[in-house]
Amino acid sequence: MGKRIDVKDLNVFYSDFKAVEGVTMTVEPRSVTAFIGPSGCGKSTFLRTLNRMHEVTPGGRVEGKVMLDDEDLYAASVDPVAVRRTVGMVFQRPNPFPTMSIRDNVIAGLRLNGVKNKKVLDQKVEESLVGANLWNEVKDRLSKPGAGLSGGQQQRLCIARAIAVEPQVLLMDEPCSALDPISTLAIEDLVTQLKEQFTIVIVTHNMQQAARVSDRTAFFNLEATGKPGNLIEMDDTQQIFNNPSKKATEDYISGRFG
Amino acid sequence: MSIDTKEIAPAPTGDLGGLAQGRSGLRTLKNSIAGVVIWGAFLIALIPLGWILWTVLSRGLSPMLDATWWQKDQSGVGAPGFDHNVRGARHAIVGTLMIALGTSVIAIPIAVMTAIYLVEYGRGGAARAISFMVDILSGVPSIVAGLFIYAIWVTFFGWQLNGFGSSLALVLLMVPVVCRSTEEMLKLVPNELREASYALGVPKWKTIVKVVLPTSFSGIVTGSLLGFARVAGETAPLLILAQYSQFLNQNLFSGNIAALPTLINTNLPNMAGDPVSADRVWGAACTLILLVLVINLIGRLIGHFTKVKG
């Protein structure tokens, strides 16, 4: 599991507004890639193009190519629903389904896609919760509502829910920004574990977090408000934080702006 | 009313001594005046409510609490050799429930699906047009709805009048009420839940059926029951289409059918000289209020037990 993503000359639009311009990058399989950059630079928008969530927003569209191994995600014959089964996503705020128990939340993706076999589902519940480092905390209350967990547990529940459908890639849009430091640490440990199986892309505002968890880092920036965001540079995380090749990157990571 | 910020929050005048001078007299006065006005308005609004309840309960409670009220219709009343003093309303209670149920069965699915279209799918001109239509429909007087169905039912098709015709007219009144309340409930479902479902590779229609609707279920039920309560008290379409029958008619699709509002209407002319008619009128009014109360309670209970926490 874990596929490579190749993006070529991607422009992202909201109706007529160009939000991100000319991104070309490669995301290595079974590694963690972090997107950093100031607010409004389009890193979350770009992330959402990688599983075609961007077009859920009215007016959202892209130009260019996103290849998952050798499949073009934006080819006319590709169903966006199928793309999202292959490329999962974890959001900024934990969003377990409030009508469902912990167990039902984990297997929501499987169930809603027609898996009915109870043995398969039970096994998947345990496997995914173990995979999300949540099993020991919730194994005695699987039938309780998912909304009753703490914020950090809810976010791990959402990760369990996302990995239960066995995606190739896991996109994380600032997954720790609503969490306290201890829960953040738990998620970061989890990300390091998950990269053995999945290709992980994580958007973060926290540069220490990018430095701690990622193998490669991409820095996004925008020239001015109202202008599209660009990919400034992308390199090994060590390289970006110790010896960036662009002035803008250095200014940003040393805290001179953003 | 414009708010003078200087009065509400006087700027500190430098040292803390300025803050300790007590509350500004003018502001306290304004606060008291506003308080009196607000409480006064509240009490004035309560007077008619209390008055109505008192009048209806004091006159209608005793005929309603009698067993014959629920057991007997008014068969034979007016014919020679019968007891003219029967205070039974079974025919009207059953009629009201049947007509309102018939209305709900048709109106709720239409209203909920329209709301789903407007909130989840509707974009651009078509959605705006439909939303506008719903607004217009909610302003249609009930007698116009009744005449409209009459024009189709009798003038155009030449069919016999029956209870179902009045259900159809009431559908026109119920759809906008339920549609608007359902729309509000669907809008309350956070977009993050829809996105979470899409991100699992769940198609949009399934997201709506399995995530959005269950999350807003209690609100939709409450809104539907309020719509039911609203049409149960409607009168004009019933006068035109269901008319009135003193016999229990359990067939919505054949013949005239009584309802509580038309029972009131029928007995109203004799009310002054005939205590039995007066009892029927106030009993029916009381029963209608009880019906609306019970339906509201059911709605609240369903809402309470299915409410999504968190």
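Being a predicted model, the structure only gives us computed values, none of them experimental. The basis for the numbers below is simple: all heavy atoms, side chains too, and nothing from hydrogens, waters or symmetry mates.
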**Student:** Under the 3.5 angstrom rule, does the side chain of A/N95 hit a backbone N or O of B/L193 as a donor-acceptor pair?
**Tutor:** no

**Student:** Please check if atom OH in A/Y74 has more than 12 non-hydrogen atoms from other residues, nucleotides or ligands closer than 6.0 Å.
**Tutor:** yes

**Student:** Counting only heavy atoms not in A/E71, do more than 12 fall under 6.0 Å of its CD?
**Tutor:** no

**Student:** B/S197 versus chain A, heavy atoms under 4.5 Å apart: side chain, backbone, both or neither?
**Tutor:** both

**Student:** With a 4.5 angstrom heavy-atom cut-off, which part of A/P96 approaches chain B: side chain, backbone, both or neither?
**Tutor:** backbone

**Student:** Tell me whether A/R84 contacts the main-chain N or O of B/A199 through its side chain, where contact means a donor paired with an acceptor under 3.5 Å.
**Tutor:** no

**Student:** Mark yes when over 12 heavy atoms from residues, nucleotides or ligands other than B/L43 sit less than 6.0 Å from its CG; otherwise mark no.
**Tutor:** yes

**Student:** Would a 4.5 Å heavy-atom cut-off, applied to side chains only, mark A/F91 and B/E192 as touching?
**Tutor:** no

**Student:** Run B/L200 and A/L110 through side chain to side chain contact (heavy atoms under 4.5 Å, CB included) and show every step you take.
**Tutor:** CA-CA 8 Å; B/L200 294 170; A/L110 296 169; over 6 Å; no

**Student:** Please classify the contact of B/R123 with chain A as side chain, backbone, both or neither, using a heavy-atom distance under 4.5 Å.
**Tutor:** side chain

**Student:** Counting neighbours of NZ on A/K65 that are heavy atoms of other residues, nucleotides or ligands and sit closer than 6.0 Å, is the number greater than 12?
**Tutor:** no

**Student:** Can you tell me if CH2 on B/W70 sees more than 12 non-hydrogen neighbours from other groups inside 6.0 Å?
**Tutor:** yes

**Student:** Against chain B, label A/V90 side chain, backbone, both or neither, depending on which of its atoms sit under 4.5 Å from a heavy atom there.
**Tutor:** neither

**Student:** For A/R61, does the CZ atom sit with more than 12 other heavy atoms under 6.0 Å from it, leaving out its own atoms?
**Tutor:** yes

**Student:** Could you please state which residues from residues 152-163 of chain A sit under 4.5 angstrom from chain B, measuring non-hydrogen atom to non-hydrogen atom, sorted by number, or 'none'?
**Tutor:** A/R161, A/A162

**Student:** If you count the non-hydrogen atoms of other residues, nucleotides and ligands that lie under 6.0 Å from CZ in A/F17, is the total more than 12?
**Tutor:** yes

**Student:** What residue among A/N113, A/D79, A/L112 forms side-chain contact (heavy atoms from CB on, under 4.5 Å) with B/P203?
**Tutor:** A/N113

**Student:** Quick one: NZ on B/K210 to CE on A/M100, what's the gap to the nearest 0.5 Å?
**Tutor:** 8.5 Å

**Student:** Is the NZ atom of B/K206 crowded by more than 12 outside heavy atoms at less than 6.0 Å?
**Tutor:** yes

